[in-house]
Protein chains: 2
Amino acid sequence: MALSNAGVRLIWPGRPEPHPKSVGELRHRRGSDANLRLIHGDNAAALRVLAQSGVRVALAYLDPPFFTGREHTLVERRNGRTDESTRAHAFDDRWDSLEAYLESLVERVRLTRELLLPEGCLVLHVDPRTSHYLKVLCDEVFGAASFASEIVWRYRRWPSKTRNFQRVHDVLLRYVRDPERPPRFRQLYEPLAASTLATWGNRKQRAVVDASGRRVRSSKTAEATPGTPLGDVWDIGIVAPVAKERTGYPTQKPEALLERLITSCTDLGDLVLDPYFGSGTTGVVCARLGRRLIGVDSNRRAITIARRRLAALDADPVEERLIEPDEAAPDEPDAARASLSRAG
Amino acid sequence: MALSNAGVRLIWPGRPEPHPKSVGELRHRRGSDANLRLIHGDNAAALRVLAQSGVRVALAYLDPPFFTGREHTLVERRNGRTDESTRAHAFDDRWDSLEAYLESLVERVRLTRELLLPEGCLVLHVDPRTSHYLKVLCDEVFGAASFASEIVWRYRRWPSKTRNFQRVHDVLLRYVRDPERPPRFRQLYEPLAASTLATWGNRKQRAVVDASGRRVRSSKTAEATPGTPLGDVWDIGIVAPVAKERTGYPTQKPEALLERLITSCTDLGDLVLDPYFGSGTTGVVCARLGRRLIGVDSNRRAITIARRRLAALDADPVEERLIEPDEAAPDEPDAARASLSRAG
DNA sequence: GCAGTTAATGAATCGCATG
DNA sequence: CCATGCGATTCATTAACTG
């Protein structure tokens, strides 16, 4: 039986219907490499502008706030050391209610879906305390048949004292745009299980069937196996607190995680979208793997950190500022601008 | 912010309100060890009877059908070989709709919750395609604050050809009865990560904090570490097709999985409830670990297989037959009885 | 009737964990 | 080291409905 969720719906008092909004415009600021676009502004508004301009992406990776109820800050890092004096606002993860949080996210998911190529996919990175609500809502947006995978990212961290199992995983919900069409997918492999290796070495097995067509046994072949096809539970270390990879931006995701996702779900030259760009790990991996990118973040410092990381890879991303239709000033001077000039 | 789901509710046309039903009665059949009770009959009806008799359990493990849309069968196994000629009905996993499936399960969850000790917990073992709907519904039954863990069971299996990540995990949703009270919990440990072992060996680390109370570094201590506290992602092998552990019953769960759960969530002598008993793996582990058990299954062959497995451990479980109030015959003869007599 | 959609059936598959 | 069995796979095909 195909999983159909027709009729099952998540509701709450005052849940709004989606409705169109007027779009803003993008103003170019600096940079020369149009394969890497960083957009400073509200992501919902940016997604509307991008939709109107006809942009279509192979992969959208969304790493939104996790409903922690906290305001998250970032620290400057110089020579691998944090400088506490420069602690600044990164993003606000305080919400009036679970409903408000879900509404905000599902609106972005809905807008992002419009930007997917027919063979494209969306990956929503969340926490196992909210993933279930979001899965139900995303099933409503995409249709349950478009659900592809619940990817479990298993990491290791400093244990906390609790009368419960340590929470050591995040959840990545993957949806394809069109379930009828084979999605972009490159088969990756992981090492064989120890027991298989012990029994079979790295030789492929072949099923042996008898005259009546029933299988009787397996046999070893001369062919070497590349490993077992990659599963949906990924054991990847977090970015260690002292790692060189650290940017000082909170909730930074490891490059290995993004690399696996981008390699699996896109081809060389494909366009990747990240509406919650943060310190730009997605951008770094895209630059390294030859994928094009659009990253959006409402925080000026995030854009600056991402720009520096990309500059270190000899990339010069185009930077744009989103002008929303109701903004009075055409291109207001903002406080961060001076510091950016120094940085650039 | 504590996760509150007040106001968010899963609905569908015709979703029923829970309502009380008249209870049946249990009729004793055979067996002498009242620490192990096997009940043959509909589990919802059995849960009502148990509630009325005042039974309270420390752990309820529910392993319901996974919404596969198939009828599952079992085969006889003699000397580790399957005999195809004896293929028989095990359980029916065909449903009119997702709604019907959810309704059936959530009713059992609601009834099971009533049987939990204040410090007890319920674990619902499901599939990542339905886990999200069930989590939303269970949050409604228990309150979101009672949600303890999403446990991910990662296993290894034969890969299938698909343009997607191989699905290699199940989900176990754990809820505590009373979030205000410390639940039964025994801290288990797993081996340290390879990188930790390389740096620290098996010595415990101690956080070193400076005068201002901020942590500056860690130091090695003389104390040996028992490992890292057990996480919520469990890597446990499936029961191999040729393993001695195999019963011939479909969807059999490995003893290692139940052992970890039961050891963590119960003390010696505690009562465990399994309303979807199947071939009785929960019972085998309970008998081995000195826990008491109530297992319920509507399939006569399942009860028979479970009884045999327990007999092999020198246990003689009490077997009961549930008589529902609307049943005409007081204790009807059933076909399986003769074969059971031979077995017993 | 016929096209279109859905459900049931059959075939292919190879890594895993025993014995 | 070698033999063994198989699937809470997935994919393709056929059969059975529906309008």
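So you know, we letter chains A, B, ... as the sequences are listed, proteins then strands, and number each from 1. Reckoned from all heavy atoms, side chains included, excluding hydrogens, waters and symmetry mates.
Using a 4.0 Å heavy-atom criterion, one finds that B:Pro64 contacts the bases of the nucleic acid, with or without backbone contacts as well. Residue contacts for A:Asn202: at a heavy-atom cut-off of 4.0 Å it reaches no nucleic acid atom on any strand shown.
Note: CG (B:Asp93) to P (D:dG7) measures 16 Å, nearest angstrom. Between the P atom of C:dA8 and the CG atom of B:Asp92 lies a distance of 11 Å, rounded to the nearest Å. One can place CD1 of B:Ile238 at 11 Å from C1' of D:dT9, the figure rounded to the nearest angstrom. Distance B:Arg70 CZ to D:dT10 C1': 10 Å, rounded to the nearest Å. Regarding B:Glu71, its CD atom lies at a distance of 15 Å from the C1' atom of C:dA7, rounded to whole Å.
Checking B:Ala240 against B:Phe91, the closest nucleotide of DNA chain D that is more toward the 5' end is the one next to B:Ala240.
The pair A:Glu119-B:Arg163 fails the salt-bridge criterion, with no side-chain N (NZ, NE, NH1 or NH2) lying under 4.0 Å from an Asp/Glu carboxylate O. Between B:Glu150 and A:Lys135 there is no salt bridge, since none of the side-chain N atoms of the basic residue sits less than 4.0 Å from a carboxylate O of the acidic one.
You'll find that the side chain of B:Arg246 is closest to D:dG7, out of D:dT10, D:dG7, C:dC16. Of the candidate nucleotides D:dT10, C:dG15, D:dA8, D:dT10 has the atom nearest to the side chain of B:Ser160. Set against D:dA8, D:dG5, C:dG15, the side chain of A:Thr225 has C:dG15 as its closest nucleotide. Comparing C:dC16, D:dC2, D:dT10 by their nearest atom to the side chain of A:Thr228 picks out C:dC16. Set against C:dG19, D:dC11, D:dA8, the side chain of B:Lys244 has C:dG19 as its closest nucleotide. Taking the side chain of B:Trp158 as heavy atoms from C-beta on, and the options D:dT9, D:dG7, C:dT18, the nearest nucleotide is D:dG7. Of the candidates D:dT10, C:dC16, C:dC14, C:dC16 carries the atom nearest the A:Leu192 side chain, counting heavy atoms from C-beta on. The side chain of A:Thr196 has C:dC16 as its nearest neighbour among C:dA17, C:dC14, C:dC16. When the nucleotides C:dC16, D:dA8, D:dC2 are ranked by their closest atom to the side chain of A:Ser195, C:dC16 comes out on top.
Evaluation of atom-type donor-acceptor distances gives no pair under 3.5 Å for the side chain of A:Trp200 against the base of C:dG15.
Going from atom CD1 of B:Ile236 over to atom CD of B:Glu255 covers 11.5 Å, rounded to the nearest 0.5 Å. The CD1 atom of A:Ile262 sits 6.0 Å away from atom OG1 of A:Thr266, with the distance rounded to the nearest 0.5 Å.
OP1 or OP2 of D:dC11 sits under 4.0 Å from a side-chain N or O of B:Thr162. An OP1 or OP2 oxygen of C:dC16 is reached within less than 4.0 angstrom by a side-chain nitrogen or oxygen of B:Arg156.
A heavy-atom distance below 4.5 Å is not found between the side chains of B:Lys161 and A:Gln187.
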